[in-house]
Amino acid sequence: MKVRVRYAPSPTGYLHIGNARTALFNYLFAKKYQGDFIVRIEDTDVLRNVEDGITSQLKHLQWLGIDYDESVDKINPKYAPYRQLERLDIYKKYANELLEKGLAYKCYCTEEELAKEREGLSEDKANHIHYSRRCLYASEEEKNMLEKRGEYTIRFKMPDNITYTFNDLVKGEVTFASEDVGDWVIMKRNGIPTYNFAVVVDDYLMDITHVLRGEEHITNTPKQMAIYQAFGWEIPVFGHMTLIVKEDGKKLSKRDPNYIAFISQYEEMGYLPEALFNFISLLGWSPEGEEEILSKAEIIAQFDEKRLSKSPATFDKNKLMYINNRYIKELSLDEMVELCRPHLEKSNIIQNHSDLWIRNLVELFHGRMSYGAEIVDLYKEFFITNFMIGEEELAYIKQDGIKATLEVFQNKLRTLDDFNAENIKEIIKATGKETKAKGKMLFMPCRIAVTAQMHGPDLPRVIELLGKEKVLQRLETALSLLTD
Ligand code: GLU
């Protein structure tokens with residue numbers, strides 16, 4: 001039997017870290033077993049669908065390198081259509097079959113009547129109370145009256161007193177009682193199916209063998225199993241992946257301003273898709289070996305569903321930066337300049353400098369960057385932000401002899417015409433020779449005096465990029481702080 005898995009987004013929003021992880025693990029599972037990975041669009045929540053929901057989901061999956069075998073734009077006629085709103089006749093047919101078999105019934109109750117059943121109950125109780133089965137148990141006479149209302153939903157009659165047990169790929173054995181569920185609506189008044197019904201019909205007709213999805217769907221599983229059983233269909237293997245949490249253990253929300261949730265944002269900020277693929281693959285899965293920097297091919301080769309974590313996956317921002325930095329470092333300087341260019345253009349930095357200057361700027365920061373847009377912040381930090389020497393740095397340059405060193409350095413720089421890194425390096429050396437300052441007592445004061453920082457990229461190159469005028473100004477400021 002060929003493995004067939006699916007990622008089934010609702011186009012009510014864009015691809016975010018959580019659903020990208022679901023898609024990614026399904027993709028890896030399909031690749032591991034030489035199966036098919038399908039993207040099915042679950043667009044039955046018509047009021048919440050967003051206009052470009054489908055195209056943006058597909059576009060960002062592709063950007064991440066999560067290639068699918070079938071979807072709305074990659075049709076296998078045996079299984080199409082891949083959009084639920086184009087499959088309404090199919091759901092109708094199966095819902096009617098359940099009606100005919102007496103496994104489902106028409107419910108004419110209005111929203112007001114249903115609300116009344118819950119009246120006076122606490123929210124928690126109201127959520128757990130089951131439908132009274134009024135329409136199921138109605139007398140013939142009553143039924144005739146109800147039918148006159150015209151509009152109805154179709155409710156599935158949950159079997160009484162049975163348990164649903166499944167062996168979850170991630171969580172192991174899970175059991176639910178049918179009593180916990182109650183009769184639920186499979187078709188709404190408008191002829192649109194509910195998620196739990198449509199998902200089963202589709203998974204069955206699309207020959208889905210394994211359903212890997214987020215933990216939030218685990219309580220839906222008994223409802224879905226009941227439908228499989230009602231039709232006598234084989235139940236697929238379920239696997240529910242644990243939550244993604246923040247460093248403080250709380251659930252990661254796509255609205256949390258401290259986290260970047262959407263894949264489109266990562267793309268816009270100049271993250272590398274390969275790095276993000278690697279990072280997301282580690283959200284709830286771990287390779288057997290120590291090495292976590294793995295290419296797509298390596299992840300596919302090593303992926304093992306038995307290593308999906310049972311505890312929540314932590315979204316570690318430092319790890320995100322670290323992994324992205326590792327990939328960025330592998331880029332050539334040309335590639336890095338291209339990655340940074342749009343961000344420098346947007347912030348009007350490029351317009352004021354030569355190509356060579358931009359190239360030098362990028363080269364200077366390349367090794368410490370994690371994404372393209374970071375170049376703008378680094379640039380600002382170095383070249384624009386008000387020059388202010390902090391307490392610790394000031395204490396350092398107040399040490400004996402440093403003032404003299406900086407004055408020599410300043411004088412030598414002043415007379416330098418060809419202000420390039422090579423020459424600047426020579427000047428630092430010559431300053432050391434003349435003042436007998438060595439190592440940290442030479443480089444550190446120079447760095448603090450021109451960048452206000454104790455650490456940073458290669459000093460002669462920073463000085464070249466800052467330019468003679470700015471460097472001399474800064475030295476002047478630093479020296480003015482050293483007069484007793
Ligand atoms: N449309 C559902 C969602 O977006 C899919 C759930 C499932 O995979 O069964 O959460």
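Nothing fancy with the numbering, it's 1 onward along the sequence. Atoms within each ligand, like the ligands themselves, are counted from 1 in listed order.
- Judged as a salt bridge (charged side-chain N to carboxylate O under 4.0 Å, His left out), and not counting sequence neighbours, the contacts of R461 are E363.
- Judged purely by atom type and a 3.5 angstrom limit, T314 has no side-chain atom pairing as donor or acceptor with the backbone of V245.
- Among protein heavy atoms, the minimum distance from atom 8 (O) of ligand 1 is reached at R6 NH1, 2.7 Å.
- Heavy-atom distances between E216 and ligand 1 stay at or above 4.0 Å for every pair.
- When non-hydrogen atoms are compared, ligand 1 lies under 4.0 Å from neither the backbone nor the side chain of Y7.
- Given atom 9 (O) of ligand 1, the protein heavy atom at minimum distance is Y195 OH, 2.6 Å.
- Taking the charged nitrogens against the carboxylate oxygens, E111 and R189 do have a contact shorter than 4.0 Å, which makes a salt bridge.
- Remark: the backbone N or O of A30 is not paired with any side-chain donor or acceptor of D36 at under 3.5 angstrom.
- The contact set between ligand 1 and V199, taken as ligand atoms under 4.0 Å from a residue heavy atom, comprises 9 (O).
- Counting the atoms of ligand 1 from 1 in the order shown, those under 4.0 Å from a heavy atom of E42 are 1 (N), 2 (C), 5 (C).
- Ring to ring, Y94 and F231 are close: their centroids are under 6.0 angstrom apart.
- Under a cutoff of 6.0 Å and an axis angle of 45°, K254 and F262 do not form a cation-pi pair.
- Salt-bridge annotation for R83 and D43: present, with a side-chain N of the basic residue lying under 4.0 Å from a carboxylate O of the acidic one.
- Residue R213 has at least one heavy-atom neighbour below 4.0 Å for each of these atoms of ligand 1: 7 (C), 8 (O), 9 (O).
- Annotation for ligand 1: atoms under 4.0 Å from non-hydrogen atoms of S10 are 1 (N), 4 (O).
- Atom 10 (O) of ligand 1 has as its closest protein heavy atom H217 NE2, 2.7 Å.
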